There are 2 protein chains.
Amino acid sequence: MSDHVFGKGMQRADLAKLTGCNLETIRYYEKIGMMPDPPRTASGYRIYGEDHVSRLRFILRGRELGFSLDEVRGLLALVEGGAQTCAEVKERTERHLADVRAKIADLRRIEKVLTQTAAQCSGDMVPDCPIIEVLAS
Amino acid sequence: MSDHVFGKGMQRADLAKLTGCNLETIRYYEKIGMMPDPPRTASGYRIYGEDHVSRLRFILRGRELGFSLDEVRGLLALVEGGAQTCAEVKERTERHLADVRAKIADLRRIEKVLTQTAAQCSGDMVPDCPIIEVLAS
DNA sequence: CTTGAGTCTGTAGTACCTACAGAGCGTAGC
DNA sequence: GCTACGCTCTGTAGGTACTACAGACTCAAG
């Protein structure tokens with residue numbers, strides 16, 4: 001197989017290479033209904049086309065931007081459902097943005113504690129390590 | 001039970017309340033060896049003392065600071081092992097700090113993309129939503 | 001016709017919990 | 001003494017998002 005121009009469709013490995021997605025993840029997305037069941041050859045091999053490429057790219061991009069699979073599923077439904085308005089898309093994006101910002105705030109708090117504590121630690125043979133104090137407090 | 005002053009030791013629910021840990025999580029930590037097997041009453045009820053409280057607090061604090069359970073396990077081993085030096089503790093903390101900073105950088109990148117894209121979106125009845133463009137690109 | 005690479009399937013493993021069912025235990029009230 | 005209620009015990013299943021593997025099959029090249 002592996003029709004060089006993908007004229008008749010491509011195999012799983014081709015789709016994986018094209019999108020940078022892990023080979024097994026494609027099958028996983030199919031199993032949980034994120035990707036549609038593709039047509040098969042007579043012997044059962046999956047055949048993918050351009051529509052599969054777009055859809056998988058959409059999912060991967062959403063994941064890169066920190067959306068959960070469920071959130072991506074929702075966005076896909078809006079897009080595929082031919083939403084006349086993007087208000088809902090914007091709303092979900094902003095909800096997600098709030099999540100992302102909350103996570104950043106959390107991590108910054110952690111960073112601050114760790115930085116301050118590590119700074120107090122000489123690293124020498126000290127009986128009372130300030131880092132351990134923080135953990136044990 | 002529930003000896004008001006915890007003189008003879010406390011039950012699981014008491015330990016949970018005292019540390020803010022989920023009841024089931026205590027059992028889970030025991031199962032994976034993060035918490036030692038506690039003594040039991042004749043009928044099999046777990047009995048916890050002050051040492052269990054400290055250890056659980058250490059674990060929870062480590063988790064709050066974003067250490068993995070394995071990292072916490074390692075720190076605990078250093079502490080309980082009566083390490084003469086805290087150099088190793090400092091090193092691990094700094095390795096973890098680098099992880100935290102990398103995660104912050106990741107999230108900030110995500111935040112930037114989402115903010116910029118959401119700003120371009122009017123939220124009106126637009127056929128080409130810039131958010132979807134980003135996802136589909 | 002054989003060989004090697006690709007594909008198929010189901011399943012198990014990762015991290016970190018959380019929740020539940022069904023059984024047993026302990027105590028307060030009657 | 002007995003019942004009722006709440007706690008504990010156990011093992012196991014679920015959730016999120018994959019990733020990896022074993023064993024069987026298919027396909028194309030030499």
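Because the structure is predicted, anything quoted here is derived from the model rather than measured. Sequence lines set the chain letters: A, B, ... in the order given, protein chains first and strands last, and positions in each chain run from 1.
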Round to a whole Å and report the spacing from CE of B:Met10 to C1' of D:dT8. 16 Å
Could you check how far CG of B:Leu15 sits from P of D:dC9, rounded to whole Å? 11 Å
Spacing between B:Ile47 atom CD1 and D:dT8 atom P, to the nearest angstrom: 13 Å
Using a cut-off of 4.0 Å between protein heavy atoms and nucleotide atoms, how would you tag nucleotides 10-20 of chain D 5' to 3' with B, S and -? BBB----BBBB
To the nearest 0.5 angstrom, please state how far the CG atom of B:Leu107 sits from the CZ atom of B:Arg109. 8.5 Å
Salt-bridge test for A:Arg27 and A:Glu30: reply yes if a basic N is under 4.0 Å from a carboxylate O, no otherwise. no
Single-linkage hydrophobic cluster B:Ile32~B:Leu75, side-chain heavy atoms < 4.5 angstrom: yes
Whole-Å distance, B:Arg73 CZ to C:dC17 P, equals 11 Å
Rounded to the nearest Å, what distance is computed from the CG atom of residue B:Leu60 to the P atom of nucleotide C:dT18? 10 Å
Please tell me if the side chains of A:Glu88 and A:Glu91 come closer than 4.5 Å, counting only heavy atoms from C-beta onward. yes
How does protein contact run along nucleotides 1-7 of chain D, one letter per nucleotide 5' to 3', with B for base contact, S for sugar-phosphate only, - for none, heavy atoms under 4.0 Å? ------B
What's the spacing between B:Thr41 OG1 and B:Arg46 CZ if we round to 0.5 Å? 10.5 Å
Lys/Arg N to Asp/Glu carboxylate O, A:Lys103 vs A:Asp106, below 4.0 Å: no
Is there side-chain contact between A:Arg101 and B:Thr115, with heavy atoms separated by less than 4.5 Å? yes
Tell me whether A:Arg61 is salt-bridged to A:Glu64, with the criterion being a basic N under 4.0 Å from an acidic carboxylate O. yes
Rounding to a whole Å, what distance do you find between B:Ile32:CD1 and C:dC17:P? 8 Å
